[in-house]
There are 2 protein chains.
Amino acid sequence: MKTIQETAETFEVSTRTLRYYEEIGLLEPDRSSGNQRKYSKADETRLKLILRGKKYGFSLDEIREMVLLFDEDRSGKKQLERTIEYGEARVREIEASIKEFQALKQEMEDLLEGFKQKLKEEKE
Amino acid sequence: MKTIQETAETFEVSTRTLRYYEEIGLLEPDRSSGNQRKYSKADETRLKLILRGKKYGFSLDEIREMVLLFDEDRSGKKQLERTIEYGEARVREIEASIKEFQALKQEMEDLLEGFKQKLKEEKE
DNA sequence: TTTAACATTGACGTTTACGTAAAGTTCAAT
DNA sequence: ATTGAACTTTACGTAAACGTCAATGTTAAA
């Protein structure tokens, strides 16, 4: 169980950020007898997910939806089906993103090839 | 040459957004005799780049750096070398992103597989 | 047990990326 | 020439995601 400071350092975020994530319902660490936050391994895993989501441009609102969906009680049949459907839609989005990134990479490489050619010509 | 309205509709952004991008130096369309903005094909290409950048979580500040770097006069040897170096670094970042996305996809697929299994068991 | 470091909850401030309304100007069509 | 739609700048407003005090409570070590 880490303190808020330790957790913040581990993930390179501010303590304010951790408190804010709790404020908007993204995290809910246990408290010590004196009401201080205690971050468990599960909290860390969740935080990791949140930060990855952020890295790829998802809003905290969207992230909450995902995190909660995968975190809630998935026992009911309807719930499971909904989760699977949602998850598969997300996977398709990710696939599309990968393709776009690959195209972008190709584009940049082509552009750079042109620059290199130009540089070469300039040297001669 | 498109008007601001036409351009906004084409790219599904507001006219305010286009004016704002100009305000912060991301776009600089020509003006008509009466001072109205006229967007050229080059402006559209640039806007496309900006929107793609946004989609992947880059701030407009970061986007400006990229756009301007690839847009300035690349004539000097030093300039060219710097551009190539910068570009290659960006390509490496993109490669890393692709790998992370692929990992994320795998993770989600595994998770979904688990859910599907659970659903199957429940049916029996 | 006291003290320094760290924690808590407000609450107001800041930046980014626009939204929106006002007041006036230009354009295209009649 | 007129008029309505679209354009202009100016400027204040807003939501998200925190930053930054301030006042107070907790913890761990000496």
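In this text the structure is predicted, and so the values were computed from the model without any measurement.
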Legend entry - Electrostatic pair E85(B)-R82(B), nearest N-O below 4.0 angstrom: no

Inset, instruction - Check DNA chain D against residues 18-28 of chain A and give the residues with a non-hydrogen atom under 4.0 Å, in numerical order. - result: Y20(A), Y21(A)

Inset, instruction - Pull out every stem in DNA chain C, meaning runs of 3 or more consecutive Watson-Crick or G-U wobble pairs with both distances under 3.5 Å. - result: C:1-30 with D:1-30

Inset, instruction - Applying side chain to side chain contact (heavy atoms under 4.5 Å, CB included), name anything that partners K54(A), two or more places apart in sequence or on another chain. - result: Y21(A), L60(A), I63(A)

Legend entry - Whole-Å gap separating P (dA5(D)) and CD (E6(B)): 17 Å

Inset, instruction - Group every Ile, Leu, Val, Met, Phe, Trp and Tyr by side-chain heavy-atom contacts under 4.5 Å, then state whether L49(A) and M66(A) land in the same group. - result: no

Legend entry - Nucleic acid contacts of residues 30-49 of chain B, taken as heavy-atom distances under 4.0 Å to DNA chain D: R31(B), N35(B), Q36(B), R37(B)

Legend entry - Identified side-chain contact (heavy atoms from CB on, under 4.5 Å) partner of I50(A) from the options L27(A), V13(A), T45(A): L27(A)

Inset, instruction - Ignoring backbone atoms, test whether T15(A) places a side-chain nitrogen or oxygen under 4.0 Å from the OP1 or OP2 oxygen of dA7(C). - result: no

Legend entry - Donor-acceptor contact below 3.5 Å, side chain R46(B) vs main chain L26(B): yes

Inset, instruction - Give a yes or no on whether a salt bridge exists between E23(A) and R16(A), defined as a side-chain N under 4.0 angstrom from a carboxylate O. - result: yes

Inset, instruction - In plain terms, say whether R52(A) and E100(B) are close enough for a salt bridge, that is, a side-chain N and a carboxylate O under 4.0 Å apart. - result: no

Inset, instruction - Decide, yes or no, whether a salt bridge links K105(A) with E88(B) under the criterion of side-chain N to carboxylate O below 4.0 Å. - result: no

Inset, instruction - May I ask you to verify if any side-chain N or O of T3(A) is less than 4.0 angstrom from the OP1 or OP2 atom of dC6(C)? - result: no

Inset, instruction - Quick one: closest heavy-atom pair of A8(B) and S14(B), and the distance? - result: CB-C, 4.1 Å

Inset, instruction - Starting at atom CD1 of I50(B), determine the distance to atom C1' of dT16(C), rounded to an integer number of angstrom. - result: 16 Å

Legend entry - Side-chain (R64(B)) to main-chain (I24(B)) donor-acceptor, under 3.5 angstrom: yes

Legend entry - Distance, rounded to the nearest Å, where I4(A) contributes CD1 and dA7(C) contributes P: 7 Å

Inset, instruction - Kindly indicate, with the supporting measurements, whether the criterion side-chain hydrogen bond (donor to acceptor under 3.5 Å, both in side chains) is fulfilled by K38(A) and T3(A). - result: CA-CA 5 Å; K38(A) 287 289 171 190; T3(A) 69; over 6 Å; no

Pairs under 3.5 Å (N/O, protein and nucleotides 20-22 of chain D):
residue : atom : partner : partner atom : Å
dT20(D) : O4   : R16(A)  : NE           : 3.1

Inset, instruction - Among D43(B), I4(B), T7(B), find the one that has a side-chain contact (heavy atoms from CB on, under 4.5 Å) with R37(B). - result: I4(B)

Legend entry - Distance test, side-chain N/O of S14(A) to OP1/OP2 of dG19(D), below 4.0 Å: yes

Legend entry - Pair R19(B) + E22(B), salt bridge at N-O below 4.0 Å: no

Inset, instruction - Could you state the atom-to-atom distance from CD of Q5(A) to P of dA4(C) in whole Å? - result: 18 Å

Inset, instruction - Grab the CD-P distance between E65(A) and dA16(D) for me, whole Å please. - result: 14 Å

Legend entry - Gap between atoms CD and C1', on E9(B) and dA5(D) respectively (whole Å): 13 Å

Legend entry - Listed partners of E65(B) passing side chain to side chain donor-acceptor pair (under 3.5 Å), at least two apart: none

